[in-house]
Amino acid sequence: MSSQNDLQTTFQLINRNFTMIIIVVLAIWGGYNWNRAESLSKNGIPSAAAPTAAAPTAVADGPSEAQLGKMPKVENDDHVRGNAKAKVVLVEYSDFECPFCARFHPTMVQLMDEMGDKVAWVYRHYPLSFHPNAQKSAEGSECVTKLGGNDAFWKYADALAEVNSRDGKLSPEAITEAAATAGVNAASFKSCLDSDEMAQVVKDQAT
């Protein structure tokens, strides 16, 4: 229900203004609030008592000019799903090991399926330090991209979201299996991941 509501809100925003750029700054916060609202409801507390991801005016108006001004422009080396030239670009700063981000992922997949070439989805890294496999899973995605390109990145991302949704966490084995799902060479992937060569790439996106 929460994911469906989020999807409907996004549709409304897109239909209202096809020139906006929506920043999805961590599905973590929105997911946390969905989860909290559900928990409160189960305990007899109205879900309205739960905090919302953003004030209503922020949802209606979108990000401020100052926020947009600080966000790096979408470049050729970004991970883009959909039409790179779409008028609506959703930029997600996220963490592969965040359980709430994993819950948010299918909503975005559905949005892309429904909106087609009208929308582009950009994924950028924001691994959190308290998720033990967040950094390495992010580095793994860059290794996969290096070896298999943009399509391989999204196959990897989908695979990790599925595992995280099911298990509520990731493991080194899950990262390796996601790379296999993406179709890249196992030995080359391991060499890239073990070398830490993508650590700076991830750090640069998160700062």
### Query
Considering all heavy atoms of both residues, which atom of Ala152 and which atom of Val184 are nearest to each other, and what is their separation?
CB-CG1, 4.4 Å

### Any side-chain heavy-atom pair of Val202 and Gln135 under 4.5 Å
yes

### Query
With a 6.0 Å cut-off on ring centres, are Phe153 and Tyr123 close enough?
yes

### Message
If you define the side chain from C-beta out and look only at heavy atoms, does anything of Val119 sit under 4.5 Å from Val89?
### Response
no

### Task
Would you name the heavy atoms of Cys192 and Met198 that are closest together and state the gap between them?
SG-CG, 4.0 Å

### Query
Hey, quick one: are Val144 and Val201 part of the same hydrophobic cluster, counting side-chain heavy atoms closer than 4.5 Å, chains of contacts allowed?
no

### Task
Report yes if the side chains of His105 and Leu160 come closer than 4.5 Å at any heavy-atom pair, otherwise no.
no

### Query
Between Glu142 and His125, does any side-chain donor sit less than 3.5 Å from a side-chain acceptor?
yes

### Heavy-atom side-chain proximity of Ser94 to Tyr126 below 4.5 angstrom
no

### Query
So which heavy atom on Ala174 is nearest to which on Val163, and how close?
CB-CG1, 4.0 Å

#### Entry: Verify same cluster id: Val91, Val80 (apolar side-chain graph, 4.5 Å)
yes

### Query
If you round to the nearest 0.5 Å, how far is CE of Met112 from CG of Leu90?
8.0 Å

### Task
Please determine if Asp196 and Lys136 form a salt bridge, counting it only when a charged side-chain N lies under 4.0 Å from a carboxylate O.
yes

### Task
Search all heavy atoms of Ala102 against all heavy atoms of Asn164 and return the closest pair with its distance.
CB-CB, 3.7 Å

### Task
From the options Val88, Val109, Leu111, select the one residue that forms a side-chain contact (heavy atoms from CB on, under 4.5 Å) with Trp121.
Val109

### Closest non-hydrogen atom pair between Ala199 and Glu139, with its separation
CB-OE2, 3.5 Å

### Query
Are side-chain heavy atoms of Val122 and Glu92 found at a separation under 4.5 Å?
no

### Message
How about CD on Gln205, more than 12 heavy atoms from neighbouring residues, nucleotides or ligands closer than 6.0 Å, or not?
### Response
yes

### Message
Under 4.0 Å between a side-chain nitrogen and a carboxylate oxygen: does that hold for Lys73 and Asp78?
### Response
no

### Task
Would you mind reporting whether Val74 and Arg124 have side-chain heavy atoms less than 4.5 Å apart?
yes

### Message
If I compare all heavy atoms of His131 with all of Pro99, which pair ends up nearest, and what's the gap?
### Response
NE2-CD, 4.1 Å

### Task
Check whether any side-chain N or O of Ser165 sits under 3.5 Å from a backbone N or O of Ala161 as a donor-acceptor pair, and report yes or no.
yes

